[in-house]
Protein chains: 2
Amino acid sequence: MRIGELEQRSGVPARMLRYYEEQGLVTPRRLDNGYREYDEYLVDRVAKIRGLIDSGIPTRIIGNILPCLNQPQRVVVDDADPELLEILRQERDRMTHKIDVLSQNRDAITRYIQALETAGSRHGTRERQPA
Amino acid sequence: MRIGELEQRSGVPARMLRYYEEQGLVTPRRLDNGYREYDEYLVDRVAKIRGLIDSGIPTRIIGNILPCLNQPQRVVVDDADPELLEILRQERDRMTHKIDVLSQNRDAITRYIQALETAGSRHGTRERQPA
DNA sequence: ATCAACCTTCACATAAGTGTAAAGCCAGCA
DNA sequence: TGCTGGCTTTACACTTATGTGAAGGTTGAT
């Protein structure tokens with residue numbers, strides 16, 4: 001598909017898709033006329049990239065972990081580059097840490113919201129009911 | 001405590017502490033001589049701020065959720081600003097989303113690492129043993 | 001007096017976008 | 001045939017967020 005369709009289907013603006021290509025995160029084939037041609041699986045791929053960037057993973061790192069996310073569960077490289085392996089382990093640990101931080105803080109926010117809601121309803125304020 | 005001690009104890013460089021103050025995330029009292037004076041609980045606070053920024057939460061948002069993290073579990077505002085409440089709910093949901101994205105991708109990385117390790121050991125490569 | 005820790009301020013750096021102009025491609029249609 | 005409109009291309013510049021470096025000055029302890 002071309003860039004416009006991918007924009008529609010992935011929700012990622014064409015402008016960003018070109019930017020991500022510049023950053024080496026996606027490298028679509030080119031048609032004879034120079035237009036970018038994207039494979040089907042890239043719809044999910046670019047959504048995933050968005051999520052990762054949004055979660056504080058820099059593009060430089062995302063480039064490294066992309067091979068882990070191959071749609072057509074492709075060949076794991078025969079012999080592992082030990083440097084890459086170490087990068088992956090580090091990044092896995094960093095992600096675990098982010099998950100912990102986010103969980104803790106989300107829970108704190110949740111408790112705070114509940115306290116506010118309780119306080120609000122005690123005052124007769126209109127609040128959404130628990131489901 | 002002064003900025004140097006906070007730098008030591010929180011691991012956040014003094015330069016950044018001043019920057020976060022500029023962004024309105026911490027507002028230490030001032031001594032007569034103009035030096036910043038930080039309360040004890042800010043040691044944890046600034047570490048939390050670091051974690052949140054690192055997890056892709058912009059400072060503008062962090063400013064909003066800081067009240068949720070009060071050390072001396074302070075007064076929940078008597079009447080809830082419904083706008084703030086909505087911001088909090090949105091941010092809670094966004095954080096949940098980030099957690100999901102990170103978890104999924106971390107698991108994919110973990111599987112990939114294991115595949116690499118297996119492939120490596122099959123080739124006689126030296127690898128760390130499972131504990 | 002000297003020296004480290006602190007102050008402000010201005011400037012620079014990097015990442016991740018975002019705007020947009022000027023041109024190329026192509027399908028439909030008079 | 002040639003025009004029009006929509007999609008696509010590159011290229012250059014601008015913006016915002018998050019820092020970082022360093023100059024030049026003040027404070028306080030020894």
Side-chain angles (χ1 to χ4, degrees), chain A residues 1-39 42-43 45-66 87 91 94-95 98 101-102, chain B residues 1-39 42-43 45-66 87 91 94-95 98 101-102:
Chain A
M1 82 198 73
R2 290 179 314 183
I3 201 169
E5 189 182 342
L6 183 55
E7 161 165 2
Q8 290 302 312
R9 297 184 44 198
S10 69
V12 179
R15 192 66 184 76
M16 267 194 216
L17 293 172
R18 298 197 189 95
Y19 173 70
Y20 291 153
E21 182 176 352
E22 203 174 292
Q23 303 305 305
L25 298 185
V26 276
T27 34
R29 284 171 290 109
R30 294 297 181 123
L31 301 175
D32 289 348
N33 57 18
Y35 285 15
R36 292 166 175 83
E37 177 69 8
Y38 295 91
D39 287 336
L42 290 174
V43 176
R45 169 73 56 100
V46 298
K48 212 154 251 190
I49 291 174
R50 275 301 318 142
L52 287 170
I53 288 179
D54 195 51
S55 304
I57 314 289
T59 59
R60 167 180 43 84
I61 300 294
I62 296 179
N64 283 317
I65 72 180
L66 279 185
I87 289 176
E91 206 49 37
R94 260 195 273 276
M95 288 171 82
K98 283 189 219 284
V101 168
L102 287 172
Chain B
M1 79 200 74
R2 289 178 314 180
I3 201 168
E5 188 181 343
L6 183 55
E7 161 165 1
Q8 291 301 314
R9 297 184 46 198
S10 69
V12 180
R15 192 66 185 75
M16 265 193 220
L17 293 173
R18 298 197 190 96
Y19 173 68
Y20 291 152
E21 181 177 351
E22 203 174 293
Q23 302 306 306
L25 299 184
V26 274
T27 33
R29 284 170 290 107
R30 294 297 183 124
L31 301 175
D32 289 347
N33 56 17
Y35 285 17
R36 292 166 177 83
E37 177 69 10
Y38 295 91
D39 287 336
L42 291 174
V43 177
R45 169 72 57 100
V46 298
K48 212 152 250 192
I49 291 173
R50 275 302 318 145
L52 286 170
I53 288 179
D54 195 51
S55 304
I57 314 288
T59 57
R60 165 180 43 85
I61 300 294
I62 296 179
N64 283 318
I65 72 180
L66 279 184
I87 289 176
E91 206 49 37
R94 261 195 274 276
M95 289 172 81
K98 284 190 219 281
V101 167
L102 287 171

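Here is how names work: the chains are called A, B, and so on, in the same order as the sequence lines, proteins then strands, and each is numbered from 1. These numbers come from the heavy atoms of this one structure, side chains and all, not from hydrogens, waters or symmetry mates.
- For the pair A:M1 CE and D:dC7 P, the interatomic distance rounds to 17 Å; values are reported in whole Å.
- One distance of note links CD1 of A:I49 with OG1 of A:T59; it measures 9.5 Å at 0.5 Å rounding.
- One finds a salt bridge joining B:R94 and B:E91 here, because a Lys/Arg side-chain nitrogen approaches an Asp/Glu carboxylate oxygen to under 4.0 Å.
- In this structure a side-chain-to-backbone donor-acceptor pair under 3.5 Å is present from A:E37 to A:M1.
- Residue A:P58 is classed as a sugar-phosphate contact, given heavy-atom separations below 4.0 Å to backbone atoms only.
- The CD1 atom of A:I53 sits 5 Å away from the P atom of C:dG17 (whole-angstrom rounding).
- Atom pair B:Y19:OH and C:dT8:C1' shows a separation of 17 Å (rounding to whole Å applied).
- In this structure, the CD1 atom of A:I3 is 10 Å from the C1' atom of D:dC7, given to the nearest Å.
- Between C:dT8, C:dT18, C:dA5, one nucleotide has an atom nearer to the side chain of B:R18 than all others, and that is C:dT8.
- Side-chain proximity of B:R36 to the nucleotides C:dC7, D:dA13, D:dT9 is greatest for C:dC7.
- Atom CZ of B:R60 is separated from atom P of D:dA17 by 7 Å (rounded to the nearest Å).
- For A:R15, counting side-chain heavy atoms from C-beta on, the closest listed nucleotide (C:dT18, D:dT9, C:dC7) is C:dT18.
- Side chain of B:Y35, nearest nucleotide from D:dT20, D:dT18, D:dT26: D:dT26.
- Closest to the side chain of B:T59, out of D:dT8, D:dG19, D:dT18, is D:dT18.
- Checking A:Q23 against B:E22, the closest nucleotide of DNA chain C that is more toward the 5' end is the one next to B:E22.
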Q | Verdict with supporting geometry, A:Y38 and A:V46, side-chain contact (heavy atoms from CB on, under 4.5 Å) | A | CA-CA 11 Å; A:Y38 295 91; A:V46 298; 6.0 Å; no
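- For B:R50 and D:dA17, the CZ to P distance is 17 Å, given to the nearest whole Å.
- The CD1 atom of A:I61 sits 15 Å away from the C1' atom of C:dT14 (whole-angstrom rounding).
- Here A:R30 does not reach the OP1 or OP2 of C:dC25: none of its side-chain N or O atoms lies under 4.0 Å away.
- Atom pair A:D32:CG and D:dT8:C1' shows a separation of 15 Å (rounding to whole Å applied).
- A sub-4.0 Å separation between OP1 or OP2 of D:dG28 and a side-chain N or O of B:N33 is present.
- Paired with A:I57 under the rule side-chain contact (heavy atoms from CB on, under 4.5 Å), one option of A:I61, A:D54, A:I53 passes, and it is A:I61.
- Among the nucleotides D:dC7, C:dT9, C:dT8, the one closest to the side chain of A:R2 is D:dC7.
- Between B:Y20 and D:dG19, a side-chain N or O to OP1/OP2 separation shorter than 4.0 Å is present.
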